Protein chains: 2
Amino acid sequence: MALSGLFLEIFRANGRLVAAGDKLVSPLGLTSARWQVLGAVAMSSAPQPVAHLAGDMGLARQGVQRIVNELADQGLLAFEDNPRHRRAKLVQLTADGKAIMAAAAKVQRPWVDDLAADLDAGKIAIAAEVLKALWNRLDEEPGVDGTLEQD
Amino acid sequence: MALSGLFLEIFRANGRLVAAGDKLVSPLGLTSARWQVLGAVAMSSAPQPVAHLAGDMGLARQGVQRIVNELADQGLLAFEDNPRHRRAKLVQLTADGKAIMAAAAKVQRPWVDDLAADLDAGKIAIAAEVLKALWNRLDEEPGVDGTLEQD
DNA sequence: TTCATATTGACAATATATTACCAATAAGAC
DNA sequence: GTCTTATTGGTAATATATTGTCAATATGAA
């Protein structure tokens, strides 16, 4: 089954990407996970509560919460009052957070460009399309009772 | 940059696959990680020491060691003396281990077939090819000093 | 309003992974 | 033979992520 083979490649690629990301941004005092959280905040058009960020990333709410709290302690993220929900504060990049993301982008760009040079752009697009279709199907996957579970 | 987008899809797909695998084999008392270790043992043509299995999986030796030890305590794996190395025992599936892998395959097959039905087989192959090329490049990636690090 | 439901954050327990370091073993250079 | 190096397993500390549970808050139905 070709699809099972793809699964193994996804596991392997994921591990290497996390390791490579850790190495890339460790001089900035970041890790892959923290960088990804900062990226999710940066990419969102408007400030989001933690639960929404976790949903975007496809991760459990609680894990993202832990990292967001630590990044806030570190001064890279800040909580803003949410007029629509008293508890669900909106997460924003601070000036320091924006600066560190700019620094990360600066080391990331040549690294990604170098990687991309060896790969076929059309095939990259197809791979991204397949993976997105795959995880979208997995998100819809019903439980044994036919319901979709949350949290 | 299209490649950066692919990275995000890999992270998302990885998380969903682990979650789906956990759900699939939890009735058997397995997790995704243990299932993958058992799979690595099953797929190897000859019994391997733990360090080789970890290399095949692209994971740190120590993490695989922990799971192998637990699976051995559970009676699913067994260590066999290695004539070429006194410490590096060879890991093998026990009868129980083979039975549980057969049971896992039985629930996995229809699940994978169902997923594959919605995806283009040719594109799956391309995606696997791209991911393999990607992590191969990441494995070669030199450190800042130009050397390849191990362990 | 009142009630049920969903969302959100907080906290704890656990599984999964990493890195770092050490000891035992093996292989090869000399 | 000796010495150096690489491989391998063991152990510990830590980061990452999951699930489970609870309380606070918001939403919508009755």
Side-chain angles (χ1 to χ4, degrees), chain A residues 11-12 14-23 25-26 29-37 47-74 77 79 81-91 143 147-151, chain B residues 11-12 14-23 25-26 29-37 47-74 77 79 81-91 143 147-151:
Chain A
F11 295 142
R12 292 180 177 129
N14 180 76
R16 266 83 165 190
L17 282 174
V18 170
D22 280 341
K23 254 201 314 195
V25 296
S26 72
L30 284 180
T31 62
S32 266
R34 285 152 190 257
W35 186 21
Q36 282 182 57
V37 169
Q48 306 267 347
V50 168
H52 290 189
L53 294 171
D56 291 344
M57 303 177 70
L59 296 181
R61 202 165 35 79
Q62 293 88 330
V64 176
Q65 184 83 52
R66 176 184 66 84
I67 293 181
V68 165
N69 289 344
E70 289 175 6
L71 290 171
D73 288 345
Q74 212 178 323
L77 292 178
F79 295 105
D81 278 350
N82 182 352
R84 303 171 39 110
H85 198 300
R86 202 182 312 171
R87 290 188 85 188
K89 303 292 173 66
L90 302 173
V91 181
T147 61
L148 277 71
E149 50 271 66
Q150 28 240 358
D151 197 315
Chain B
F11 295 143
R12 291 180 178 132
N14 180 75
R16 267 82 166 191
L17 282 174
V18 171
D22 281 341
K23 255 201 314 195
V25 296
S26 71
L30 284 181
T31 62
S32 267
R34 285 154 190 256
W35 186 20
Q36 281 182 57
V37 170
Q48 305 267 348
V50 169
H52 290 189
L53 294 170
D56 290 343
M57 303 177 70
L59 296 180
R61 202 168 35 77
Q62 293 88 330
V64 176
Q65 183 84 51
R66 177 184 65 84
I67 293 181
V68 166
N69 289 343
E70 289 175 5
L71 290 171
D73 288 345
Q74 213 178 324
L77 292 178
F79 295 105
D81 278 351
N82 182 351
R84 303 171 39 111
H85 197 300
R86 203 183 313 171
R87 289 188 84 189
K89 304 292 173 68
L90 303 174
V91 181
T147 60
L148 277 70
E149 50 270 67
Q150 28 239 0
D151 196 323

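Residue numbers begin at 1 in each chain, while the letters A, B, ... track the order of the sequences. All figures in this text were calculated on a predicted structure; none of them were measured in a lab.
- Regarding contacts with the backbone of D/dT16, a side-chain N or O of A/Arg34 is found under 4.0 angstrom from either OP1 or OP2.
- Rounded to a whole Å, the CD atom of A/Glu70 is 9 Å from the C1' atom of D/dA15.
- Remark: C1' of D/dG9 and CD1 of B/Ile67 are 16 Å apart, rounded to the nearest angstrom.
- A 4.5 Å side-chain heavy-atom check between A/Phe11 and B/Leu59 finds every atom pair outside the cut-off.
- At a threshold of 4.0 angstrom between heavy atoms, the contacts of A/Ala88 are confined to the sugar-phosphate backbone, with no base atom among them.
- Distance from the side chain of B/Leu59 is smallest for C/dA17 among the nucleotides C/dA26, C/dA17, C/dT8.
- B/Leu71 places a side-chain heavy atom less than 4.5 Å from the side chain of B/Arg34.
- In this structure, B/Leu90 atom CG and D/dT8 atom P are separated by 11 Å, rounded to whole Å.
- Looking at residues two or more places apart in sequence or on another chain, you find no side chain to side chain donor-acceptor pair (under 3.5 Å) involving B/Asp56.
- Atom C1' of nucleotide C/dT19 and atom NZ of A/Lys23 are separated by 13 Å, given to the nearest angstrom.
- Other residues, nucleotides and ligands contribute only 12 or fewer heavy atoms inside 6.0 Å of the CG atom of B/Asp81.
- Residues passing the side chain to side chain donor-acceptor pair (under 3.5 Å) test with A/Gln36: none are found, sequence neighbours excluded.
- Counting any heavy atom pair closer than 4.0 Å across all strands shown, A/Val50 reaches sugar-phosphate atoms only and no base atom.
- Which of D/dG9, D/dT18, D/dA26 sits closest to the side chain of A/His85 comes down to D/dA26.
- At C/dT16, one or more side-chain N or O atoms of B/Thr31 fall inside 4.0 Å of OP1 or OP2 (strictly under the cut-off).
- Atoms CG (B/Asp73) and P (C/dA15) sit 14 Å apart, rounded to a whole Å.
- Comparing A/Pro83 and B/Gly15 by the nucleotide of DNA chain D whose heavy atom lies nearest to each, the residue mapping closer to the 5' end is B/Gly15.
- In this structure, A/Arg84 reaches the sugar-phosphate backbone alone: every heavy-atom distance under 4.0 Å involves primed, P, OP1 or OP2 atoms, never a base.
- Between B/Arg86 and A/Asp22, the one whose closest nucleotide on DNA chain C sits nearer the 5' end is A/Asp22.
- Spacing between atom CZ of A/Arg66 and atom P of C/dA15 amounts to 17 Å, rounded to whole angstrom units.
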Dump the pairs, protein N or O against N or O of nucleotides 10-12 of chain C, anything under 3.5 Å, distances to one decimal.
| residue | atom | partner | partner atom | Å |
| --- | --- | --- | --- | --- |
| C/dA10 | OP2 | A/Gln65 | NE2 | 2.9 |

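- Residue B/Lys89 contributes atom NZ, which lies 15 Å from atom P of C/dA24 at whole-angstrom precision.
- No side-chain heavy atom of A/Pro47 sits under 4.5 Å from any side-chain heavy atom of A/Val91.
- Atom CG in A/Asp22 sits 6.0 Å away from atom OG1 in A/Thr31 (nearest 0.5 Å).
- As a whole-Å value, the separation of A/His52 NE2 from C/dA6 P is 15 Å.
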